[in-house]
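Beneath this line is the structure, given in structure tokens, with notes to follow.
We name chains A, B, ... by the order of the sequence lines, and we start the count at 1 in each one.
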2 protein chains.
Amino acid sequence: MNYTEMESYLKAISDHNRMLILKYLSKESLCICEFTELLDMTQPAVSQHMRKLKTAELVTEEKRGRWTIWSLNVRHVLYPMLIHLLSLLPEPEVTVESLMAEGKKVVCE
Amino acid sequence: MNYTEMESYLKAISDHNRMLILKYLSKESLCICEFTELLDMTQPAVSQHMRKLKTAELVTEEKRGRWTIWSLNVRHVLYPMLIHLLSLLPEPEVTVESLMAEGKKVVCE
DNA sequence: CCATTATATAAGTGATTGCTTATTTAATCA
DNA sequence: TGATTAAATAAGCAATCACTTATATAATGG
């Protein structure tokens, strides 16, 4: 791994919202429409974050009909380190469960 | 460690030149004047990088007369992870030894 | 004291970042 | 087929970034 690769990997993680996205993905695979609710962000904003994470090979996507299911790339060399980093961060207050309890539509349908 | 702290820590590492600086510091403590030669950068540029690293508590400084000796902050929670990250990066071609062999003034005097 | 040396700070600049709104692409379903 | 829905892309914008040059601060040594 050279300096440029490491730099783009770390730059991809070095963002508050992307760290949150990765934290959520460390629990379960999710689609963009779920992140817009979880992070209270617009759809294009989430989409652009996912593209950055994908370019840095931190996540993988699986098209399923209209939806795109995103997962952590468990094959990445730095995946174990990423999991360790994420374990140091607190659990987000907003969860899929808490949103469903509020009656918000979180699950794709 | 919260998201903001993690973000500023990772942002501080996520730069080609600062990763090089940290790689050098993982071998030995150095002063700014040595980095200007090692990285072929201007003195203010190096100084500004060191300030960023210090703000993120990645390094410590020790004033010694005119010089400031910089070291890795071995007390940081993420120090072991940093060392692991740096171990994945190749050794820089330019070293204090190679510069001295060229007859360049690298050591403070 | 004054010149030199090491470092810090300030101000300016072009490139990049993370968002926004608007639009496009593509898949589903009535 | 046409309306709806999920996601991507484009263009624009304010904030931040990594540098630059110029200047200031501070310690050393003649």
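When heavy atoms are screened at a 4.0 angstrom cut-off, B:Lys52 is found touching the sugar-phosphate backbone but no base atom. Across all strands shown, B:Thr68 has heavy atoms under 4.0 Å from sugar-phosphate atoms exclusively, and none from any base. Using a 4.0 Å heavy-atom criterion, one finds that B:Met50 contacts no nucleic acid atom at all. B:Arg18 comes within 4.0 angstrom of the backbone, heavy atoms only, and of no base.
Side-chain atoms of A:Gln43 come within donor-acceptor range of the base of D:dA8, with a qualifying N/O pair under 3.5 Å.
Considering only side-chain atoms of A:Arg66, the nucleotide from D:dG29, C:dC29, D:dC19 that sits closest is C:dC29. Among the nucleotides C:dT7, D:dA18, D:dT28, the one closest to the side chain of B:His49 is D:dA18. The side chain of A:Ser47 lies closest to D:dT9 when the candidates are D:dT20, C:dT4, D:dT9. When distances are taken from the side chain of A:Pro44 to each of C:dA8, C:dT21, D:dA7, the shortest belongs to C:dT21. Among D:dT21, D:dA6, C:dT7, the nucleotide with an atom closest to any side-chain atom of B:Thr42 is D:dT21.
Between A:Ile69 and the options A:Arg64, A:Glu61, A:Lys63, a side-chain contact (heavy atoms from CB on, under 4.5 Å) holds for only A:Arg64.
The distance between atom CD of B:Gln48 and atom C1' of C:dG12, rounded to the nearest whole Å, is 12 Å. If you take CZ of B:Arg51 and P of D:dA18, they are 12 Å apart, rounded to a whole angstrom. One can place CE of A:Met19 at 12 Å from P of C:dG18, the figure rounded to the nearest angstrom. Remark: C1' of D:dC19 and CG of B:Leu20 are 16 Å apart, rounded to the nearest angstrom. In this structure, B:Leu53 places its CG atom 16 Å from C1' of C:dA8, rounding to the nearest Å. Remark: C1' of C:dT7 and CD of B:Glu37 are 15 Å apart, rounded to the nearest angstrom. Between the P atom of C:dA6 and the CZ atom of B:Phe35 lies a distance of 16 Å, rounded to the nearest Å. To the nearest angstrom, C1' of C:dT7 lies 10 Å from CH2 of B:Trp70.
Using a 4.5 Å heavy-atom threshold, the side chains of A:Leu25 and A:Leu53 count as separate.
Each of B:Lys11 and A:Val46 was assigned the nucleotide of DNA chain D with the nearest heavy atom; the assignment lying further toward the 5' end belongs to A:Val46. Of the two residues contacting DNA chain C, namely B:Ile32 and A:Asp15, the nearest-nucleotide position lying further toward the 5' end is that of B:Ile32. When the nearest nucleotides of DNA chain C are assigned to A:Gly65 and A:Met41 by heavy-atom distance, the more 5′-ward of the two goes with A:Met41.
A donor and an acceptor atom, one from each side chain of B:Thr60 and B:Ser71, are nowhere located under 3.5 Å apart.
With hydrogens and angles disregarded, no donor-acceptor distance shorter than 3.5 Å links the side chain of A:Ser47 to the backbone of A:Gln43. Looking at B:Glu5, its side chain does come within 3.5 Å of a backbone N or O of B:Asn2 through a donor-acceptor pair.
Contact between the side-chain N/O atoms of A:Arg64 and the OP1/OP2 oxygens of D:dA6 is not found at any separation under 4.0 Å.
One finds a salt bridge joining B:Lys27 and B:Glu91 here, because a Lys/Arg side-chain nitrogen approaches an Asp/Glu carboxylate oxygen to under 4.0 Å.
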